[in-house]
Amino acid sequence: MNGVAAVSQPPLVEFFAAEFNASFENVRGTLIKVEQCLGESPLSAARSRDLIMVLGEVLNNIVEHAELASTSSKICLGIEQCGSSMMVSSRDNGRPLPLDVLEQRVPPAGDGSIESLPESGFGWFIIHSLVDNMTYEREEGENLLTFSFN
Amino acid sequence: MNITKEVHGDLLIIDIKEDRIDAAAAVTFKESMREYVAGHDGRVLIDMKQVEFLDSSGLGALVAVMKLLNGRSLELAEAGDVVRKVLSLTRMDRIFIMHASRSDALADRDAA
């Protein structure tokens, strides 16, 4: 027994869990289901919308990477409630996520001309605007992303 | 994809009668929009009232539509909470012309 007092934490309560084949349609369906549950969460309406936005970007990014893989990928999404926070984790067996996207904190922009306006790259920027504690691990052929939200 | 259009003088108004412009819909949306704006030389306004959800793919699709307009800015009316949040986070609300309402856009003669 060490001398450090145990810090009591609120219990982790399973809030939502889903496993699905990686496709944009399945992501849409999952987001709709999560949205229906979020009324029961401690999040405000505005924060619930933010969470759905982040989840959509994370999951659609996984689908984009999964589509490059030779076999169909599965995504496991778990959301747990820990007091007033929601803990989100997703696990997928697609290709490794490129590490630079995890750092994308500047919005993509063109050079001022309409032709140069970016059409992609907004997703990770949106994620990082709304979440500041995302972690990424690659473990036994799987991507594991986690973050908390409150 | 459920989209309708009306023309008022040089203003083409496109009504998106779908709830979501997301990754699942982005390609179809772009293709539909391409058909609708082809051959129209004036202002183009998208009425976003029904759109409850826009993600980064949907935003990219809106940018792609704007590139079809020969130098004009794409106009958006009645953007809801999620749409406005995505546009403001990405600073794209400075690129499109945002109207609070369809009637504002109709009244606005200086947007062109």
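A, B, ... follow the sequence lines: proteins, then strands. Residue 1 opens every chain. We use all heavy atoms of the structure for the numbers below, so side chains are in, but hydrogens, waters and symmetry mates are not. Note that this is a predicted model, so its numbers are computed, not measured.
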Stepwise side chain to side chain contact (heavy atoms under 4.5 Å, CB included) test for V86(B) and F122(A): CA-CA 9 Å; V86(B) 170; F122(A) 297 108; over 6 Å; no
Connected hydrophobic set around L12(A), excluding itself, where side chains approach under 4.5 Å: M87(A)
Side chain / backbone / both / neither for A25(B) at chain A, heavy atoms under 4.5 Å: both
Chain A contact via I95(B) - which portion, at a heavy-atom distance below 4.5 Å: side chain
Verify the cluster assignment for [X] and [Y]: are they in a single hydrophobic cluster under the rule of side-chain heavy atoms below 4.5 Å apart?
X       : Y      : value
M1(B)   : L54(B) : yes
V13(A)  : L77(A) : no
L144(A) : V88(A) : no

Closest approach of L89(B) to F125(A) (non-hydrogen atoms, all atoms of both residues): O-CE2, 2.9 Å
Reported CD1-to-CG distance for the pair I114(A) and L74(B), which is rounded to 0.5 angstrom: 10.0 Å
Value rounded to 0.5 Å, distance of CZ in F96(B) from CG in L117(A): 7.5 Å
By side-chain hydrogen bond (donor to acceptor under 3.5 Å, both in side chains) - contacts of D104(B) (at least two apart): S101(B)
For V54(A), side-chain contact (heavy atoms from CB on, under 4.5 Å) partners two or more places apart: V58(A), I127(A), L130(A), V131(A), F147(A), F149(A)
Interchain donor-acceptor contacts below 3.5 Å (chain B, chain A):
unit_1, atom_1, unit_2, atom_2, d
D22(B), OD1, R28(A), NH2, 2.8
D22(B), OD2, R28(A), NE, 2.9
D55(B), OD2, N60(A), ND2, 3.2
S56(B), N, E57(A), OE2, 2.8
S56(B), OG, E57(A), OE1, 2.5
S56(B), OG, E57(A), OE2, 3.4
K67(B), NZ, E115(A), O, 3.4
K67(B), NZ, L117(A), O, 2.7
K67(B), NZ, E119(A), OE2, 3.0
K85(B), NZ, D50(A), OD1, 3.0
K85(B), NZ, D50(A), OD2, 3.2

